[in-house]
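Scroll down for the structure; my scribbles are underneath it.
Values below: all heavy atoms of this structure, side chains included; hydrogens, waters and symmetry mates excluded. Just so we're clear, the structure is a prediction, and the values are computed from it rather than from any experiment. A, B, ... follow the sequence lines: proteins, then strands. Residue 1 opens every chain.
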There are 2 protein chains.
Amino acid sequence: MDRSSGVPAFRQVAADLRERIVAGEYEPGARLPSERELVDNYGVSRPTIRDAIDLLRAEGRVDAVRGVGVFVRPPTQIERLARSRLSRAARAENKGAFMADAAAKGFTPSSSVKIRFEPADERVAGLLGIEPGTEVTVRDRVMRANGLVVQLAVSRLPRELTRGTVIEEVDTGPGGAYARLEEAGHAIGHYVEDVGSRMPSPEEASTLQLAEGVPVITVTRIAYRQDGLPLEMNDMTLPADRYRLTYEWAAE
Amino acid sequence: MDRSSGVPAFRQVAADLRERIVAGEYEPGARLPSERELVDNYGVSRPTIRDAIDLLRAEGRVDAVRGVGVFVRPPTQIERLARSRLSRAARAENKGAFMADAAAKGFTPSSSVKIRFEPADERVAGLLGIEPGTEVTVRDRVMRANGLVVQLAVSRLPRELTRGTVIEEVDTGPGGAYARLEEAGHAIGHYVEDVGSRMPSPEEASTLQLAEGVPVITVTRIAYRQDGLPLEMNDMTLPADRYRLTYEWAAE
DNA sequence: AAGTGGTCTAGACCACGGC
DNA sequence: CCGTGGTCTAGACCACTTC
């Protein structure tokens, strides 16, 4: 603790703890000294110690458990999602991309869907190439693996394309909505995915059961018909500590 | 303020401010009431008000400026990075992917490179398909646009492929390292990119000049020769509030 | 000089988990 | 019951920006 360095005390404490964690002095899953012990160790007040720990929590390095202690967060298991999950071959045998992934990875998937219809706002209309206000079919899904929420997905299609099809039902049948579109003569030509990241809203953090300091990955996928007409857009939200996305393409 | 709801006071204050921001009562760029005003408005102590504001900062919703006030963070300008930046056609006229992007977007790019050689660790060896300990050439780059740091990139190649080439020099010449590899008979067959996100380390936050509550996007790209041999791996780190990544592919 | 956010203290009480 | 983290208070002083 250097009180004259100009560096705030809580940052010095955080830096010291961070170093010890990275160095392995506190291993993954290990408990840090209690806040009151740290008060004695560093010679600062408890709020200052808490500021330091709050910093490490925001970085996603430690988890605090009330009544128990503060623990070094162990590395999480990462799933890779590849674009091959959208192949027709995969659809032939499964209920959709998410179920296909689940089958491959050996966990028990479940998914709850809410269907609604609403007028397209500016953004949706732009991406789907329709007039704002045009009615769209919205499939709002919460996907779970072994009971744990792992993904949110909001899919929107021009209602014109879904009227009278099972895409407006909860269960879209084998191969999912994409398979139904193709059966209706809308063969998919190409996909575009737009990937970004941000901190979650409090609602997202609680539905996705996110730990502190964990961002979400946002993916907006648009499926186009072979003539270039947008068929569907899908806004997906994934916990960044459990997913990576893999894309692969030939040079040129 | 409901003191008997069980919801902590600072979360109630944060929720109220968040609502007002989302509703547009405080517009982007607008100043929130000062902490001491909020103390009066909500009837809680200043540390409690600060806890509330700290929450909004961690979410990336507001910025605090010492001596001035707390401001609603305005939306940032987002650049899209598309895989087409890696095409041979783009290389033909430019110095590399980053410079190509810069030219297209109309900003002034600059980039500082440090070259070093080191033995491959476990991860690097696995991705490059070589034995751990094998010497690799490391090109450690900081990319800037109009003076602002916008990307970190650490590129690694088996030294065997770069010995005697300008890839071991600071300036790799027109088209960048990929062009030199192709000239040396290592035509690129395909690329794989692995995309994830996490909160930045303090070092990353300061070199990338990241605002609070802004994650980084991490991309690991591997370039393979046409026979499948890994030629290069590139670990990129991007500020999540300034970039989105776009991928596009044909169905099937 | 006045107002702002940044830091820090020395307490207090609470809710929760484990013994 | 005791120790843990979670919340909250009422101050204090500082560094900084603006006027």
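With sequence neighbours excluded, the residues forming a salt bridge (Lys or Arg N to Asp or Glu O under 4.0 Å) with B/Arg116 are B/Glu118, B/Asp140, listed by chain and number. A/Glu169 pairs by the salt bridge (Lys or Arg N to Asp or Glu O under 4.0 Å) definition with nothing, not counting sequence neighbours. When the salt bridge (Lys or Arg N to Asp or Glu O under 4.0 Å) test is applied to B/Arg11, no partner is found at least two apart in sequence or on another chain.
The distance between atom CG of A/Leu38 and atom P of D/dT4, rounded to the nearest whole Å, is 10 Å. Nucleotide C/dG6 holds its P atom 12 Å from the CG atom of A/Asp51, rounded to whole Å. The interatomic distance linking A/Asp63 (CG) with C/dG17 (P) rounds to 15 Å, in whole Å. Rounding to whole angstrom units, CD of residue A/Glu35 and C1' of D/dC2 are separated by 16 Å. Residue A/Phe10 contributes atom CZ, which lies 9 Å from atom P of C/dG6 at whole-angstrom precision. Here C/dG6 presents its P atom at 10 Å from CZ of A/Arg11, a figure rounded to the nearest Å. One can place CG of A/Leu55 at 12 Å from P of C/dC8, the figure rounded to the nearest angstrom. As rounded to whole Å, 11 Å separates atom P of D/dG3 from atom CD of A/Glu37.
For B/Arg123 and B/Asp235, the salt-bridge test passes: some basic side-chain N is under 4.0 Å from an acidic carboxylate O. Salt bridge present: B/Glu204 and B/Arg198 bring a charged side-chain N and a carboxylate O closer than 4.0 Å. No salt bridge links A/Arg36 with A/Asp40; every basic N to acidic carboxylate O contact stays at or beyond 4.0 Å. Under the 4.0 Å criterion applied to side-chain N and carboxylate O atoms, B/Arg46 and B/Glu37 are not assigned as salt-bridge partners.
Computed from C1' positions of five pairs at each end, the angle between the two local axes of the helix from C/dA1-D/dT18 to C/dG18-D/dC1 equals 10°, rounded to 10 degrees.
When the side-chain nitrogen and oxygen atoms of A/Ser34 are compared with OP1 and OP2 of D/dT4, one or more of them lie within a distance under 4.0 Å.
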> Reading nucleotides 9-19 of chain D from the 5' end, what letters show protein touch, with B for base, S for backbone sugar-phosphate only, - for no heavy atom under 4.0 Å?
Replying inline: BB-B--BBS--
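For the 3.5 Å distance criterion, the side chains of B/Arg221 and B/Ser155 fail to qualify, holding no donor opposite an acceptor.
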For residues 67-75 of chain B, which side-chain N or O atoms pair as donor and acceptor with protein atoms under 3.5 Å away, sequence neighbours left out?
from, atom 1, to, atom 2, distance (Å)
B/Arg73, NE, B/Asp63, OD1, 3.2
B/Arg73, NE, B/Asp63, OD2, 3.1
B/Arg73, NH1, B/Glu212, O, 3.4
B/Arg73, NH2, B/Asp63, OD1, 2.8
B/Arg73, NH2, B/Glu212, O, 2.8

